[in-house]
Amino acid sequence: MQLYNQHTINLYNSLTGEKETFKPIHEGYVGMYVCGPTVYSNVHLGNVRTFMSFDMIFRYFKHLGYKVRYVRNITDAGHLENDADVGEDRIAKKARLEEIEPMEVVQRYTVDFHNILNTFNFLPPSIEPTATGHIIEQIEIIKNIIEKGLAYEVNGSVYFDVLKYNKTKQYGILSKRNVEDLIHNTRELDGQSDKKNPQDFALWKKAEPQHIMRWPSPWSDGFPGWHLECTAMSTKYLGEHFDIHGGGMDLKFPHHECEIAQAEACNNQAPVNYWMHANMLIMNGKKMAKSTGNFILPNEIFSGDNPHITKAYAPSVARFFMLQAHYRSVLDFTNNGLLASEKGFYRLMDAINILDELKPSTTSTFDISDWKQKCYDAMNDDFNSPMVIANLFEAVKYINQIKDGSATITKEDLATLKNTINAFVFDILGLVNVTKADTGTDKLSGAVELLIQLRQEARANKDFAMSDKIRDELAAKGIQLNDGKEGTTFSTN
RNA sequence: GGUGUCGUGGCCGAGUGGCUAGGCUCAGCUCUGCAAAAGCUGCUACAGCGGUUCGAAUCCGCUCGACACCUCCA
């Protein structure tokens with residue numbers, strides 16, 4: 001029997017604004033689509049957080065035994081600088097500025113994106129399709145929508161007719177906006193003269209003569225509108241109606257709203273059962289923005305080379321930090337927050353690393369099955385990773401107590417504890433067991449072991465001046481000695 | 001201005017109509033030659049103002065504030 005039969009997931013559906021019981025369309029299978037990055041620059045740390053949330057969700061579904069098809073696209077064309085369908089293609093602009101081919105831009109930042117995600121120990125999605133690889137599919141969708149009378153062509157560009165769509169369907173169903181408000185609140189922008197109404201959005205844009213990224217179509221040589229690619233790719237790989245669509249909160253409007261409209265227009269049914277939105281990452285209480293300098297690149301976390309942080313942090317520390325907040329909460333990225341998480345993270349790892357040393361007893365002083373259930377309950381409640389972590393620290397305390405001899409555990413419970421903690425920490429949260437001593441090579445640890453031995457001899461001889469000198473000099477070099485009942489270990493920081 | 005997400009203790013961050021989140025910090029104790037580590041104990045909270053209720057930080061209304069989208073930087 002699969003675990004998913006024992007665990008009911010309640011997840012927050014942005015479409016209804018409520019937590020709902022997750023029921024897959026096909027039992028045992030989950031189809032999940034997440035809007036991926038536009039690869040025109042280094043991946044934004046906020047984007048990383050969003051993808052990390054869905055990585056954790058992907059991992060949990062897999063853990064429960066679901067067969068998951070997780071599709072996360074790469075936007076390598078069609079995303080204009082301005083979401084109102086004016087301005088330059090972001091990738092084309094970058095290519096022009098750097099005097100390289102647009103596909104070189106795409107390649108460079110796709111590689112960067114994958115490197116960063118690998119460093120953070122992400123699982124690769126099941127399919128990672130690109131917008132430029134699905135131009136034909138996008139053109140077919142446009143044809144379909146034109147046939148339905150919900151799109152119109154002007155000067156080689158094709159626009160979705162929002163007002164007409166709204167007569168029979170509900171544009172704004174996701175973002176809880178009504179079209180009347182949109183009409184009143186839309187600013188007049190230059191370059192929108194082709195549209196019947198400012199609310200309309202582009203399905204196809206005719207390329208200007210100097211525009212390099214262009215494909216032939218029935219309407220013009222041009223490129224697809226930004227929103228269309230996700231409809232094309234999600235439909236192709238997950239069907240006209242699938243389980244979960246995710247993305248950052250910033251994509252809710254207009255991007256996801258437009259996706260719903262396009263898909264409904266095309267297939268006469270709502271495309272998605274559950275919409276999930278990850279909240280924003282801010283830094284030091286403010287929006288992250290390159291222009292104000294309130295900004296950090298993922299790589300700079302690992303190197304420490306950024307004025308907003310005081311030291312380098314291991315990727316798992318940053319991952320742990322982010323997972324200590326719920327995915328639907330705004331998270332404030334601060335150096336102090338990272339420092340606190342780092343301490344907690346290593347405490348968790350230290351406890352896991354002594355699991356194999358624990359001696360079983362005939363009784364347990366801790367209810368392991370209850371604890372295990374609490375871990376699952378936390379994940380089942382809208383993927384509450386902070387609650388999972390709180391439960392993990394309950395186990396940390398217990399493990400340390402067993403080691404100290406103030407608590408006991410049976411052989412069976414110890415096995416359950418190990419299995420459960422490994423499942424949650426490594427499989428589901430996706431953390432990597434990096435101990436503070438991991439940076440040490442065999443040569444280093446051999447040398448330190450020797451010093452530990454010399455210190456023990458000095459202590460035995462009551463030569464505390466020497467023993468303290470060894471301890472303090474090592475500490476000054478970043479090597480900390482930890483005296484325990486069964487000898488001394490060391491860790492580096 | 002509209003829409004959405006929020007507003008919790010020294011800091012970060014969960015959660016619930018009446019009962020311990022957790023992490024970090026801090027204080028005391030145990031252990032230690034002294035420390036560190038670990039363990040134990042302690043500390044303090046629910047933006048403000050109304051309302052519903054036997055009881056609200058948890059529900060409702062208003063106010064103030066934050067963040068995001070609607071307007072380039074995810």
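Residue numbering restarts at 1 for every chain, and letters A, B, ... go by the order of the sequence lines.
Distance noted for atom C1' between B/G18 and B/A57: 12 Å (whole Å). Here, B/C69 and B/G51 have their C1' atoms 32 Å apart, quoted to the whole Å. B/C6 and B/A47 have their P atoms separated by 14 Å, with the value rounded to a whole Å. The same atom, C1', is picked in B/G28 and in B/U63; the two are 44 Å apart, to the nearest Å. Atom C1' of B/G17 sits at a distance of 6 Å from the matching atom of B/A56, rounded to the whole Å. Rounded to whole Å, the C1' atom of B/U53 lies 39 Å from the corresponding atom of B/U25. B/U16 and B/C59 have their P atoms separated by 9 Å, with the value rounded to a whole Å.
Geometrically, A/Arg72 does not engage A/Tyr33 in a cation-pi contact, judged by NZ or CZ lying under 6.0 Å from the ring centre and within 45° of the ring axis. Because its NZ or CZ atom is not both nearer than 6.0 Å to the ring centre of A/Tyr171 and within 45° of the ring axis, A/Lys169 does not count as a cation-pi partner of that residue.
Note: A/Tyr376 and A/Tyr60 have tilted aromatic rings, judged against thresholds of 30 and 60 degrees for the angle between ring planes. Relative orientation of the A/His277 and A/His256 rings is tilted, given thresholds of 30° and 60° on the angle between their planes.
Here B/G13 presents its P atom at 19 Å from NZ of A/Lys343, a figure rounded to the nearest Å.
Set against B/C34, B/C24, B/G33, the side chain of A/Ser467 has B/G33 as its closest nucleotide. Relative to the side chain of A/Lys176, the nucleotides B/A14, B/U3, B/A74 differ in distance, and B/U3 lies closest.
The aromatic ring of A/Phe393 is not stacked on the base of B/G23, since the criterion of ring centres less than 5.5 Å apart with planes inclined by under 30° is not met.
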